[in-house]
Amino acid sequence: MTTPGTALITGASSGIGATYAKRLAARGYDLILVARDQARLTHLADNLKQQHNIQVEVMTADLTHEPDLLRVESALTNNAQITLLLNNAGMSVEGEFLDADIARINTMLALNIVAPTRLAQAAGRAFKTRGQGIIINIASVLSLIHEMFNGAYNATKSYVLTLTRAMQRELAESGVQVQAVLPGATRTEIFDRAGQSLNDIPAEMLMDVDEMVDAALAGLDSKEAVTIPALEDVQMWHDYDQARGAMVPHLSRDRSATRYRQN
Ligand code: NAP
């Protein structure tokens, strides 16, 4: 029987990443679990090995540290068993942009932007050579929202969305599938870790992590490019994206718009 290969999951020790690990294990994937907390990763690995009769490797890594990032990058480049990358590890920071600690923001940029960029390129190159593979990049609905939350966090997620869409264009005929997932508020530890409380979020805006990941995997199975688990009317997304696309031919011209000209 053929197996789907190995899925490398960043941020696998809790929340969305740990939930994907369980779902992908149930689909028969072998796993490489990446995060900093070795004890939690080992505990999850032991359970999943036992329950699903799969291989699970624990790779302890701080993705904001260059040598650790290099190790994960080189696994993606050199391990031909890897068929799926889940670019999921991420963090937010306490407070609005102007109030937030700039050192924390710096770490966030390393984790939410630099690490997924490096890993997506390593996986994209390796999968393209092999003519198959899946890359899932976890963005956020905040990539589309300027009205609330920490602007620097939202911007990291806008970056992930833009990068994903550009990768989809580059890999269109390659056999490699690339998906952006835009979760809304999801019940995980990310809020606690940034000094926030889940209780501050209206219950009707907060999704359980199992439901979020199941929706994202349904979107993957139906080959969606961008999956927004909470959005009931998907036409709203298509209209938004179409309006953006309609502007493209008009955004770079040899003359300024008439409203800006002196005469
Ligand atoms: P979470 O429960 O806090 O999980 C974050 C994961 O990232 C953990 O496994 C954590 O593990 C890992 N991580 C943190 N810093 C790391 C580092 N320096 N190096 C390596 N791994 C690190 O939060 P989550 O909600 O599942 O977040 C997963 C992704 O979903 C993030 O990209 C987040 O931005 C995105 N997202 C979340 C929500 C939401 O409402 N929850 C909404 C939209 C998008 P260790 O501490 O063991 O390293």
Side-chain angles (χ1 to χ4, degrees), residues 8-23 31-45 58-73 85-94 103-104 106-120 136-145 148-150 152-161 163-164 179-198 200-203 205-213 215-216 226-231:
L8 187 146
I9 301 175
T10 69
S13 63
S14 70
I16 293 169
T19 306
Y20 266 102
K22 291 173 196 157
R23 296 298 191 270
L31 300 174
I32 300 174
L33 305 179
V34 181
R36 293 166 303 179
D37 189 327
Q38 184 164 20
R40 283 179 103 178
L41 290 177
T42 304
H43 181 69
L44 179 62
V58 165
M59 194 183 269
T60 311
D62 182 335
L63 294 172
T64 68
H65 288 181
E66 179 65 20
D68 290 6
L69 181 56
L70 264 174
R71 260 192 304 123
V72 183
E73 214 176 5
L85 165 65
L86 176 67
N87 243 334
N88 164 76
M91 61 179 281
S92 68
V93 295
E94 201 168 346
R104 292 276 294 162
N106 212 43
T107 303
M108 178 178 72
L109 299 181
L111 184 64
N112 293 15
I113 293 184
V114 177
T117 304
R118 297 262 298 265
L119 301 182
I136 304 168
N137 291 330
I138 303 296
S140 164
V141 292
L142 290 169
S143 63
L144 306 175
I145 298 176
M148 61 177 87
F149 210 58
N150 181 298
Y153 175 82
N154 297 12
T156 67
K157 296 302 178 176
S158 305
Y159 175 91
V160 171
L161 177 60
L163 180 68
T164 307
Q179 180 198 28
V181 177
L182 277 56
T186 307
R187 212 179 293 279
T188 71
E189 294 171 20
I190 198 167
F191 300 95
D192 274 354
R193 291 181 196 247
Q196 294 147 350
S197 167
L198 278 173
D200 297 340
I201 300 171
M205 288 178 65
L206 193 57
M207 196 178 289
D208 279 338
V209 68
D210 289 323
E211 182 155 352
M212 200 296 286
V213 171
V226 176
T227 297
I228 308 176
L231 184 65

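All ligand and atom numbering here is 1-based and tracks the order in the structure.
Across Thr60 and Arg36, no two heavy atoms sit closer than the pair CG2-O, 3.2 Å. Of all heavy-atom pairs spanning Ala12 and Ala35, the tightest one is N-CB, 4.1 Å. Of all the heavy atoms in Val141 and Ile228, the pair that sits closest is CG1-CG2, 3.9 Å.
Between Ile138 and the choices Leu182, Asn87, Asn112, Asn88, the side chain to side chain contact (heavy atoms under 4.5 Å, CB included) rule is met once, by Asn88.
When heavy-atom distances to ligand 1 are checked against 4.0 Å, the residues falling inside are Gly11, Ala12, Ser13, Ser14, Gly15, Ile16, Ala35, Arg36, Asp37, Ala61, Asp62, Leu63, Thr64, Asn88, Ala89, Gly90, Leu111, Ile138, Ala139, Ser140, Tyr153, Lys157, Pro183, Gly184, Ala185, Thr186, Thr188, Glu189, Ile190, Phe191, Arg193, ordered by chain and number.
Counting heavy-atom neighbours within 6.0 Å of Gln38 CD, excluding the residue itself, gives a total of 12 or less.
The pair Glu66-Arg118 meets the salt-bridge criterion, since a charged nitrogen lies less than 4.0 angstrom from a carboxylate oxygen.
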